[in-house]
Protein chains: 2
Amino acid sequence: MNPTPHPSDEAAARAANSPLVRDFGLLIKSAIRLEQRIDSALRQECGISHTMLEVLIRLCRRPGEEVSQRQLADDLTLTSSGTTRLIDRMEDAGLVRRVPSAEDRRVALVEPTPEGRTAFLRAAAVHAQVVDRYFVKPLAADDYTQLTGALGEIDKALREDTG
Amino acid sequence: MNPTPHPSDEAAARAANSPLVRDFGLLIKSAIRLEQRIDSALRQECGISHTMLEVLIRLCRRPGEEVSQRQLADDLTLTSSGTTRLIDRMEDAGLVRRVPSAEDRRVALVEPTPEGRTAFLRAAAVHAQVVDRYFVKPLAADDYTQLTGALGEIDKALREDTG
DNA sequence: TCTCAATTGCTGAGCAGTCAATTGCTGACT
DNA sequence: AGTCAGCAATTGACTGCTCAGCAATTGAGA
């Protein structure tokens with residue numbers, strides 16, 4: 001069954017079974033699965049991807065606000081080229097429109113079209129459903145507030161250096 | 001500044017500013033950023049990707065255990081084709097080896113090579129460093145245990161239906 | 001006023017994953 | 001024994017991102 005165990009096997013097994021490794025894996029895996037759920041629900045029911053919804057969320061937050069691709073890239077944790085292509089697709093789909101900035105001719109402002117806004121409202125409902133089911137329901141109220149608090153701390157630490 | 005606000009603007013803004021939306025976004029974003037940190041640290045210092053480390057973690061957990069690509073796919077939340085290509089790359093890099101199963105000639109068992117095991121030990125140290133810095137340090141001990149508990153509940157909910 | 005380093009967005013090439021279809025094998029049912 | 005539904009792994013075509021390198025534009029300092 002276990003013919004010639006290397007001497008380093010034990011050390012490797014110890015590292016592989018460390019609770020920290022397991023816990024961290026759990027965070028990453030839960031996030032991935034959660035996003036997959038949201039994404040496929042949105043694709044099926046609204047025809048848009050999760051990333052596109054994130055763009056619309058950002059754009060609808062403060063109506064009338066001018067949002068550049070750079071800001072979107074930063075907020076979505078994307079590179080500028082990734083953002084360019086994402087906005088290309090969304091423009092093709094009729095969800096957003098690029099408008100040149102009056103103040104700086106380098107920047108392309110992105111704004112939602114009326115269709116984008118209505119798509120957003122539909123998508124937000126689907127989003128809320130999935131979030132409720134897998135993010136709110138499984139947790140006690142106390143756990144929920146503590147979870148988001150903890151995530152805020154992690155996010156702060158991530159921003160602070162090399163941020 | 002805000003020429004002709006649509007009537008649906010307010011509804012959209014309300015949805016976009018919902019705390020649930022924000023909190024969920026925080027979870028996803030933190031996980032993405034955390035993974036990017038780990039991934040680039042591992043690439044720079046060990047020449048392997050985060051996904052490859054996850055494979056090695058799984059393979060070293062119980063030395064001598066037979067692990068098929070299917071099991072790896074399930075554990076890593078990947079499709080079987082994604083796993084095939086991942087193992088291709090790892091085999092090319094000399095980290096793992098495919099061994100035909102004696103019991104079922106369809107399955108390819110994956111096992112770490114000696115080089116894979118030593119690479120794993122180095123990578124695990126880097127992994128631990130980053131995890132400690134951004135996952136353990138920012139949290140109080142209580143928050144940590146509660147966070148992992150909450151993640152466990154979410155994971156359970158995800159597994160339970162359509163799992 | 002001129003220069004020049006920094007910044008915005010875009011493009012080509014490449015990487016790491018997905019989905020759909022295919023092959024080889026297995027085990028259950030007739 | 002023979003068929004056939006189903007599963008493991010693989011492949012081709014595609015997606016959605018990254019990185020490196022680009023042109024246009026900006027603003028600060030000589």
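Sequence lines set the chain letters: A, B, ... in the order given, protein chains first and strands last, and positions in each chain run from 1.
- Under a 3.5 Å cut-off, the side chain of A/Thr77 and the backbone N or O of A/Ala73 do not form any donor-acceptor pair.
- Contact of the B/Ile38 side chain with the B/Val131 side chain is registered, since non-hydrogen atoms from C-beta on lie closer than 4.5 Å.
- Within the structure, every pair that satisfies the salt bridge (charged side-chain N to carboxylate O under 4.0 Å, His left out) test and touches residues 45-64 of chain B, not counting sequence neighbours, is listed here: B/Arg58-B/Glu65, B/Arg58-B/Asp75, B/Arg62-B/Glu65.
- One atom, CD1 of A/Ile32, and another, P of C/dT18, lie 10 Å apart when rounded to the nearest Å.
- Of the two residues near DNA chain D, B/Gln36 and B/Val107, the one whose nearest nucleotide lies more 5' is B/Val107.
- For B/Asp155, the salt bridge (Lys or Arg N to Asp or Glu O under 4.0 Å) criterion is met by A/Arg33, B/Arg159, not counting sequence neighbours.
- A donor-acceptor pair shorter than 3.5 Å cannot be found between the side chains of A/Ser101 and A/Glu103.
- In this model, the phosphate group of C/dC10 is approached by a side-chain N or O of A/Gln69 to a distance below 4.0 Å at OP1 or OP2.
- Checked against A/Phe120 for a side chain to side chain contact (heavy atoms under 4.5 Å, CB included), the options A/Leu53, A/Leu95, A/Ile48 give a single hit: A/Leu53.
- The CG atom of B/Leu86 sits 13 Å away from the P atom of D/dA9 (whole-angstrom rounding).
- Between B/Arg33 atom CZ and D/dC17 atom C1' there is a gap of 17 Å when expressed in whole angstrom units.
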- Take B/Glu91 and B/Arg98 through the salt bridge (charged side-chain N to carboxylate O under 4.0 Å, His left out) test and state the conclusion after the steps. CA-CA 8 Å; B/Glu91 218 172 17; B/Arg98 268 185 254 241; 3.2 Å; yes
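- Listed by chain and residue number, A/Phe24, B/Tyr144 satisfy the ring-ring contact (aromatic ring centres under 6.0 Å, His included) test with B/Phe135 (two or more places apart in sequence, or in another chain).
- Counting to the nearest Å, the C1' atom of C/dG17 and the CD atom of B/Glu54 are 16 Å from each other.
- You'll find that the side chain of A/Ser68 is closest to C/dG9, out of C/dG9, D/dC19, C/dG17.
- Scored by the side-chain hydrogen bond (donor to acceptor under 3.5 Å, both in side chains) test, B/Asn17 finds no partners at all (sequence neighbours excluded).
- Atom CG in B/Asp74 sits about 8 Å away from atom P in D/dA8, given to the nearest Å.
- If you take CG of B/Asp104 and P of C/dG27, they are 6 Å apart, rounded to a whole angstrom.
- Residue A/Thr83 is out of contact with every strand shown, counting any heavy-atom pair closer than 4.0 Å.
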Report, one pair per line, the protein and nucleotides 5-7 of chain C atoms (nitrogen or oxygen only) whose separation is under 3.5 Å.
unit_1, atom_1, unit_2, atom_2, d
C/dT7, O2, A/Arg106, NH1, 2.7

Look for any protein N or O under 3.5 Å of an N or O in nucleotides 11-15 of chain D and output each such pair with its distance, or none.
unit_1, atom_1, unit_2, atom_2, d
D/dG12, N7, B/Arg85, NH2, 3.3
D/dG12, O6, B/Arg85, NH2, 2.1
D/dA13, N6, B/Arg85, NH2, 3.3

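- The nearest whole Å value for the distance from the CG atom in B/Asp39 to the C1' atom in C/dG17 is 13 Å.
- In this structure, A/Thr51 reaches the sugar-phosphate backbone alone: every heavy-atom distance under 4.0 Å involves primed, P, OP1 or OP2 atoms, never a base.
- For A/Leu76 and D/dT18, the CG to P distance is 10 Å, given to the nearest whole Å.
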